[in-house]
Trainee: 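The following block contains the structure, expressed as structure tokens.
In this text, all values refer to a predicted model and were calculated from it rather than measured experimentally. Letters A, B, ... mirror the listed sequences (proteins, then strands); counts begin at 1.
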Amino acid sequence: MAKGITARSEDYSQWYLDVVLKAEMAEHSPVKGCMVIKPTGYGIWEKIQQHLDRMFKETGHVNAYFPMFIPESFLKKEAEHVEGFAPECAVVTHGGGKQLEEPLVVRPTSETIIWDSYRNWISSYRDLPLLINQWANVCRWEMRTRLFLRTTEFLWQEGHTAHATHEEAEEETMKMVRIYQKFAEEYLAMPVLVGRKTDREKFAGALHTYCIEGLMQDGKALQAGTSHHLGQNFAKAFDVKFQDKDKELKYVHATSWGVSTRLIGGMIMTHSDDQGLVVPPRLSPRPVVIVPIWRSDEQMDAVLGCARGMVEGWDPLFYYLDDRDQYKPGYKFNEWELKGVPVRIEIGPRDVENREVVVVRRDTGEKATMPMDGLREKLEAMLVEIQANLFTKAKARVEASTHTVDSYDEYKARIGEGGFFRVFLDHENPEVEQQLQNDTRSTVRCIPFDAEEEEGACMITGKPCKYRVVAAQSY
RNA sequence: CGGGGCGUGGCGCAGCCCGGUAGCGCACCUGCUUUGGGAGCAGGGGGUCGCUGGUUCAAAUCCAGUCGCCCCGACCA
């Protein structure tokens with residue numbers, strides 16, 4: 001349909017790539033796996049940052065910034081951590097033309113450099129909890145990359161907190177995954193499963209990992225956010241102790257949690273269509289675009305004058321008046337559709353005369369004529385409705401793609417069609433998971449918090465299970 | 001790391017088989033006409049053909065090598 005966008009039904013990954021490129025979200029940089037995030041994409045990231053940052057601060061966190069270079073030796077202090085991350089680290093060996101005495105790792109995540117600082121920041125129970133977040137870039141040398149979903153360098157936030165007790169750290173870990181859930185559902189309009197990762201899938205160096213997991217339109221799952229309970233692993237590795245009320249010297253309990261620019265990929269694959277991007281209103285930098293229409297110069301003056309009068313007093317970031325003279329209206333309609341602006345307003349000479357405008361929704365394509373009086377209130381209500389509609393539609397899709405399966409044969413036969421599969425699986429046995437992956441290229445995405453008690457037999461080994469887990473093929 | 005593809009104006013491609021002054025569409029610049037779903041006409045600017053070497057009077061084209069990127073899998077947010 002739209003020029004240059006492959007239909008989803010024809011080739012889903014090509015569609016995704018087309019949308020990212022044609023909507024001018026991002027482009028490939030000269031370095032393998034790296035991307036240039038263009039204004040259309042970066043504006044959405046800024047909205048993500050704004051909303052999340054507020055949610056973090058409302059729950060008592062503050063921002064700080066730690067350096068991107070980490071001494072190689074730091075990474076090695078936590079055994080599981082280094083094993084998990086060393087293979088994908090970029091390492092700087094030279095600086096200022098000289099070989100460095102110790103190579104520097106470009107952070108793949110910041111636990112080590114942060115806990116090295118925390119050692120000096122924490123000495124008493126009065127210093128706890130320490131609730132810090134940072135917005136940063138990180139670097140992971142992945143073999144296979146895809147714009148937004150997995151890039152060599154990506155942007156993210158990483159929270160790193162320190163607590164006096166296991167229980168407090170657990171509470172924090174849970175609190176943050178719930179914040180991610182809220183953000184995914186209420187802002188990205190992306191329904192997610194919330195639960196715990198299996199030991200095989202958990203963060204390198206964590207006791208356990210909680211996650212939110214989305215389901216894309218092609219039926220593949222996407223890990224969209226993780227919250228880790230790190231226990232005392234990093235405190236021990238970096239010797240971070242505090243003196244408690246009982247005078248005892250104790251190791252600190254830690255958490256870390258993060259979401260990345262991958263959320264933008266998730267947003268695209270949750271809502272966008274064959275016409276291009278669809279941006280949920282709450283993530284749109286300017287959710288309303290006004291396209292004026294004219295023939296003559298006099299009409300241009302009249303229409304633009306009327307449009308400018310109409311938006312007087314509106315928040316400048318609520319709308320964009322596209323008064324560019326070098327493009328015709330049809331071109332602009334297509335451009336803004338491609339870029340996913342939630343609502344478009346058309347205003348021409350006829351409308352000026354009638355004191356009305358044509359309003360078009362990106363999510364449904366519906367056109368309606370509305371009076372200029374009281375327009376802003378109507379638009380605001382419409383944006384709320386679009387936001388809700390996107391979530392409802394996505395939710396229905398995920399529900400329709402969630403299957404309950406009991407036999408491994410049926411699982412193997414159906415896993416290729418995509419979707420979440422609720423199954424009995426002995427997820428405590430890593431070999432079972434490995435077999436699942438070998439046989440079906442799928443993994444346990446999460447053990448849902450809301451899994452109901454249910455008696456059943458592991459579909460691979462027959463071992464009795466007390467609840468179902470969710471498995472899927474994933475990005 | 002295995003499999004596939006591609007490197008030619010900013011972007012997308014043709015030309016290569018069969019060597020002979022580098023072409024098309026879009027974009028860009030100028031002018032006129034246009035403007036309610038990607039405008040038309042006329043004129044114009046812009047390219048060491050990824051890189052290195054070889055063959056040849058002559059290489060985008062043939063030969064050898066090399067580098068890079070993209071896509072599909074195994075690893076990962």
Trainee: Can you tell me which nucleotide in B/G37, B/C76, B/C28 comes closest to the side chain of A/Tyr327?
Mentor: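 Taking heavy atoms from C-beta onward, the closest nucleotide is B/C28.
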Trainee: Compile the donor-acceptor pairs under 3.5 Å between side chains in residues 203-220 of chain A and protein atoms, sequence neighbours left out, one pair per line.
Mentor:
{"unit_1": "A/His208", "atom_1": "NE2", "unit_2": "A/Glu170", "atom_2": "OE1", "d": "2.9"}
{"unit_1": "A/His208", "atom_1": "NE2", "unit_2": "A/Tyr210", "atom_2": "OH", "d": "3.3"}
{"unit_1": "A/Thr209", "atom_1": "OG1", "unit_2": "A/Phe203", "atom_2": "N", "d": "3.0"}
{"unit_1": "A/Thr209", "atom_1": "OG1", "unit_2": "A/His228", "atom_2": "ND1", "d": "2.8"}
{"unit_1": "A/Tyr210", "atom_1": "OH", "unit_2": "A/Glu170", "atom_2": "OE2", "d": "2.4"}
{"unit_1": "A/Glu213", "atom_1": "OE1", "unit_2": "A/Lys197", "atom_2": "NZ", "d": "3.2"}
{"unit_1": "A/Glu213", "atom_1": "OE2", "unit_2": "A/Gln223", "atom_2": "N", "d": "3.3"}
{"unit_1": "A/Glu213", "atom_1": "OE2", "unit_2": "A/Arg445", "atom_2": "NE", "d": "2.7"}
{"unit_1": "A/Glu213", "atom_1": "OE2", "unit_2": "A/Arg445", "atom_2": "NH2", "d": "2.9"}
{"unit_1": "A/Gln217", "atom_1": "OE1", "unit_2": "A/Arg8", "atom_2": "NH1", "d": "2.6"}
{"unit_1": "A/Gln217", "atom_1": "NE2", "unit_2": "A/Met269", "atom_2": "O", "d": "3.3"}
{"unit_1": "A/Gln217", "atom_1": "NE2", "unit_2": "A/Thr270", "atom_2": "O", "d": "3.4"}
{"unit_1": "A/Gln217", "atom_1": "NE2", "unit_2": "A/Ser272", "atom_2": "O", "d": "2.8"}
{"unit_1": "A/Asp218", "atom_1": "OD1", "unit_2": "A/Lys220", "atom_2": "N", "d": "3.1"}
{"unit_1": "A/Asp218", "atom_1": "OD2", "unit_2": "A/Tyr475", "atom_2": "OH", "d": "2.6"}

Trainee: Between A/Gln437 and B/C75, does any side-chain N or O lie under 4.0 Å from OP1 or OP2?
Mentor: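 So the side-chain polar atoms of A/Gln437 do come within 4.0 Å of the phosphate oxygens OP1 or OP2 of B/C75, strictly under.
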Trainee: Report the distance from atom CD of A/Glu83 to atom C1' of B/C75, rounded to the nearest whole Å.
Mentor: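 Roughly 13 Å, once rounded to whole Å.
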Trainee: Is the count of non-hydrogen atoms from other residues, nucleotides or ligands lying under 6.0 Å from A/Trp141 atom CH2 greater than 12?
Mentor: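 Incorrect, the count does not exceed 12.
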Trainee: What is the separation between atom CZ on A/Arg150 and atom P on B/G73, rounded to the nearest whole Å?
Mentor: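 One finds 11 Å between P of B/G73 and CZ of A/Arg150, rounded.
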Trainee: For the CD atom on A/Gln326, are there more than 12 heavy atoms of other groups (residues, nucleotides or ligands in this structure) within a distance under 6.0 Å?
Mentor: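 Check passes, neighbour count above 12.
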Trainee: Distance check: side-chain N/O of A/Lys328 vs OP1/OP2 of B/G36, anything under 4.0 Å?
Mentor: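 For B/G36, OP1/OP2 do have a side-chain N/O of A/Lys328 under 4.0 Å.
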Trainee: If you check the A/Glu335 side chain, which of B/U35, B/G38, B/C71 turns out closest?
Mentor: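 From the listed options, B/G38 comes nearest.
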Trainee: Are there more than 12 heavy atoms of other residues, nucleotides or ligands under 6.0 Å from atom CZ of A/Arg324?
Mentor: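 Counting other residues, nucleotides and ligands, CZ of A/Arg324 exceeds 12 neighbours.
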Trainee: Fill in the dot-bracket string of RNA chain B, one character per base: . for unpaired, | for a pair to another strand, ( ) or [ ] for pairs within the strand, taking Watson-Crick or G-U pairs under 3.5 Å.
Mentor: ((((((((.[[[[.)....(..]]]].((((((.....)))))).....[[[[[..)....]]]]])))))))....
Trainee: Heavy atoms only, 4.0 Å cut-off, all strands: where does A/Ser260 land among base, sugar-phosphate and nothing?
Mentor: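 Base, at least one base atom sits under 4.0 Å.
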Trainee: From CG of A/Asp351 over to C1' of B/G36, roughly how many Å is that when rounded to an integer?
Mentor: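 Rounded to whole Å, this separation is 8 Å.
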Trainee: Please state how far atom CG in A/Asp297 lies from atom C1' in B/C32, giving the value in whole angstrom units.
Mentor: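 Result: 14 Å.
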Trainee: Crowded around A/Glu83 CD? As in, over 12 foreign heavy atoms under 6.0 Å?
Mentor: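 Incorrect, the count does not exceed 12.
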Trainee: B/C76 P sits how many Å from A/Phe203 CZ, rounded?
Mentor: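 So the CZ-P distance, A/Phe203 to B/C76, works out to 13 Å.
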Trainee: Under a plain distance cut-off of 3.5 Å, with no hydrogens placed, do A/Thr161 and A/Thr255 share a side-chain donor-acceptor pair?
Mentor: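 The answer is yes; a qualifying pair exists.
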